[in-house]
Amino acid sequence: MATRAAAAPRAQSSRTGNRLLAALVDAWGQADIRRKLLFTFAMLVIFRFVAHVPLPGVDRAILEQAFEGDAVLGFLDVFSGGALRNLSIASLGVYPYVTSSIIMQLLIPMVPRLRALSQEGQYGRQRIQIYTHWITVPVCFVQGYGQLLLLNSGGQEVIPIGFGGAELLPTLTIMFTLAAGTMFLVWIGELITENGVGNGISVLIFGGIVAGLPGFFGRGVATDVGIGGLFLLALVSVGLIALIVLFQEAQRRIPVQYAKSMFRGGRMYRQTGATHIPLRINSAGMIPLIFAFSIMIFPSAAAGAIAESETGFLQSAADFIRDVSNPERSLYWIFTFLLVVIFTFFYTMVIFQQQNLADNLQRQGGFIPGIRPGRPTHEYIIRVLTRITWAGAFFLGFVAVVPFIASLFIDVNNSLRISATGMLIVVAVVLDTMKQLESQLLMRNYEGFIR
């Protein structure tokens with residue numbers, strides 16, 4: 001009996017894997033789903049083509065020198081899918097749009113007009129989307145100029161920029177080109193959302209990260225790390241992926257009951273139905289990581305801007321900032337961990353306030369057993385959400401500092417450090433895309449493969 005019980009989970013796992021393969025085959029066999037998959041692949045090919053179109057006036061030799069040993073540029077290059085290393089027109093990727101989306105999400109609860117607009121259904125969402133596009137353009141200019149300052153901070157000009165004299169027109173041209181590249185990628189992402197599979201913006205970020213993996217392993221083979229070091233990195237990566245899946249799917253289910261009154265045979269009957277509110281352990285997703293790393297990268301760009309000053313105080317300040325924001329120092333990772341934890345709580349609470357769960361439950365006749373509707377329900381959900389968010393916050397903080405922890409046990413250079421943030425994005429996008437694919441299969445009476 002014990003042998004049979006032990007063999008049951010393995011048999012169940014085998015059947016799940018077979019269902020997954022069968023479902024993927026069935027998805028490809030459906031003409032409309034196959035068309036969506038091919039469309040998504042075609043858009044990714046266009047994205048990779050644009051990522052290799054360089055900006056004019058780039059000194060390739062100095063660009064290669066700028067990336068040698070610079071962990072900050074290496075981190076940015078991972079998320080651009082190699083576009084930054086080529087200094088292409090898509091060097092910014094879709095991250096200015098992501099930043100604009102975050103800004104809009106933070107403004108909605110604070111601006112009454114935006115809050116009212118968000119409650120107007122499809123029309124309100126379309127207007128907010130338009131506002132997000134408008135904000136993306138100036139964000140492109142700011143991030144693009146900061147990125148170029150960071151590239152030129154090594155003492156040599158990768159590309160000449162400035163707002164005085166003969167450099168004004170070329171600089172404006174570069175800024176407009178970077179903004180146009182980002183908006184083109186945003187348009188491609190929205191096409192994928194409408195006509196392909198998955199969230200288009202997330203799929204583009206996923207494509208950029210995955211596209212950088214061959215270069216990652218290629219640099220590993222070319223260095224002294226060797227096959228053994230890469231094997232250890234692969235083991236750490238597999239364990240990290242399993243941990244990410246565990247926390248991404250973990251949730252606390254709060255039981256909810258709905259009471260319904262109905263007339264039957266001249267009498268009123270009261271019926272109850274039970275469901276639950278799924279509160280995710282990691283409700284904030286990858287947003288806190290983007291926030292934290294953006295803030296930690298900003299001091300390096302600021303230091304590069306003031307390092308050329310002839311004032312001794314400013315030069316000393318630039319040296320101190322560079323020292324603190326250096327990924328080789330443990331202080332950098334301590335600040336990163338703290339920022340991730342803080343932003344996780346902040347962003348989770350902002351999203352929760354926008355959902356108005358307690359008010360929606362009360363309007364729909366739902367209640368949590370043992371908790372009074374209204375304010376007590378709101379306070380109860382806040383308490384539960386705060387407790388489980390501690391686990392999500394520490395998990396995201398751990399994900400953020402995994403590259404530093406791995407470097408203490410595995411002797412790798414900056415270019416080979418594991419981008420745990422990139423892994424989190426890849427796993428999250430894969431899970432979301434598979435769930436969307438499952439929902440389309442279920443509509444065609446196919447058995448789902450995600451449980």
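Below, all heavy atoms of this structure are taken into account, side chains as well, without hydrogens, waters or symmetry copies. Numbers for residues simply follow the sequence, beginning at 1.
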Can you confirm whether Q129 sits close enough to E190 that some side-chain heavy atom of one is under 4.5 Å from a side-chain heavy atom of the other? yes

May I ask you to check whether F352 and H378 place their ring centers less than 6.0 Å from one another? yes

Of all the heavy-atom pairs spanning M183 and H133, show the shortest one and how long it is. CE-O, 4.2 Å

Please check if the side chain of S283 supplies one atom and the backbone of L279 the other of a donor-acceptor pair under 3.5 Å. no

Could you pull out all residues at least two apart from S100 that satisfy side chain to side chain donor-acceptor pair (under 3.5 Å)? T136

Atom of R280, atom of I388 and distance for their closest heavy-atom approach: O-CD1, 3.7 Å

Correct closest heavy-atom pair for G392 and T344 would be C-CG2, 4.4 Å

Residues which pass side chain to side chain contact (heavy atoms under 4.5 Å, CB included) with R125, listed by chain and number, not counting sequence neighbours: Q122

Mind checking the CD1-CG spacing from I174 to L148? Nearest 0.5 Å is all I need. 6.5 Å

Inter-residue atom distance Y123.OH - I128.CD1, 0.5 Å rounding: 11.0 Å

Picking from T348, V341, I342, what satisfies side chain to side chain contact (heavy atoms under 4.5 Å, CB included) with F345? V341

Residues in salt bridge (charged side-chain N to carboxylate O under 4.0 Å, His left out) contact with R113, at least two apart in sequence or another chain: none

Say whether, by atom type as modelled, one donor and one acceptor occur between the side chain of T40 and the main chain of V197 under 3.5 angstrom. yes

Find out whether I205 and Y95 are in side-chain contact, i.e. whether some heavy atom of one side chain is under 4.5 Å from a heavy atom of the other. yes

E379: what forms a side chain to side chain donor-acceptor pair (under 3.5 Å) with it, not counting sequence neighbours? R375

Does a side-chain heavy-atom distance below 4.5 Å link V111 with I108? no

To the nearest 0.5 Å, how far apart are CD in Q251 and CD in E249? 8.0 Å

Separation between CG of L44 and CD1 of I188, rounded to the nearest 0.5 Å: 9.0 Å

Determine whether L117 and Y131 satisfy the following criterion, side-chain contact (heavy atoms from CB on, under 4.5 Å), listing intermediate values before the conclusion. CA-CA 11 Å; L117 195 60; Y131 295 155; 3.7 Å; yes

Walk me through it: do R253 and I277 pass the test side-chain contact (heavy atoms from CB on, under 4.5 Å)? CA-CA 5 Å; R253 297 184 176 185; I277 301 175; over 6 Å; no

Say you draw a straight line from CZ of R48 to CG of L204; how long is it, rounded to the nearest 0.5 Å? 10.5 Å

Are Q143 and P96 close enough that some pair of their side-chain heavy atoms sits under 4.5 Å apart? yes

Find out whether L55 and L178 are in side-chain contact, i.e. whether some heavy atom of one side chain is under 4.5 Å from a heavy atom of the other. yes

Would you call V340 and F398 a side-chain contact if the rule is heavy atoms closer than 4.5 Å? no

Those residues at least two apart in sequence (or on a different chain) that pass side chain to side chain donor-acceptor pair (under 3.5 Å) with T182 are none

Verdict with reasoning, Q248 to N282, per side-chain contact (heavy atoms from CB on, under 4.5 Å): CA-CA 6 Å; Q248 282 293 107; N282 178 24; 2.6 Å; yes

L385 vs M349, side-chain contact (heavy atoms from CB on, under 4.5 Å): CA-CA, chis, key distance, verdict: CA-CA 9 Å; L385 189 63; M349 294 306 166; 4.3 Å; yes

Suppose we screen for side chain to side chain donor-acceptor pair (under 3.5 Å). Which residues come up paired with R383, at least two apart in sequence or across chains? none

Please report the closest heavy-atom contact between W333 and V401, naming both atoms and the distance. O-CG1, 3.6 Å

Of all the heavy-atom pairs spanning A179 and F141, show the shortest one and how long it is. CB-CE1, 4.1 Å

With side chains defined as the heavy atoms from C-beta onward, is the minimum distance between I281 and T389 less than 4.5 Å? no

Within-4.5 Å side-chain heavy-atom neighbours: L243 and F395: yes

Quick check for you: to the nearest 0.5 Å, what is the distance between F41 atom CZ and L37 atom CG? 11.0 Å

Do the ring centers of F394 and W390 come within less than 6.0 Å of each other? yes

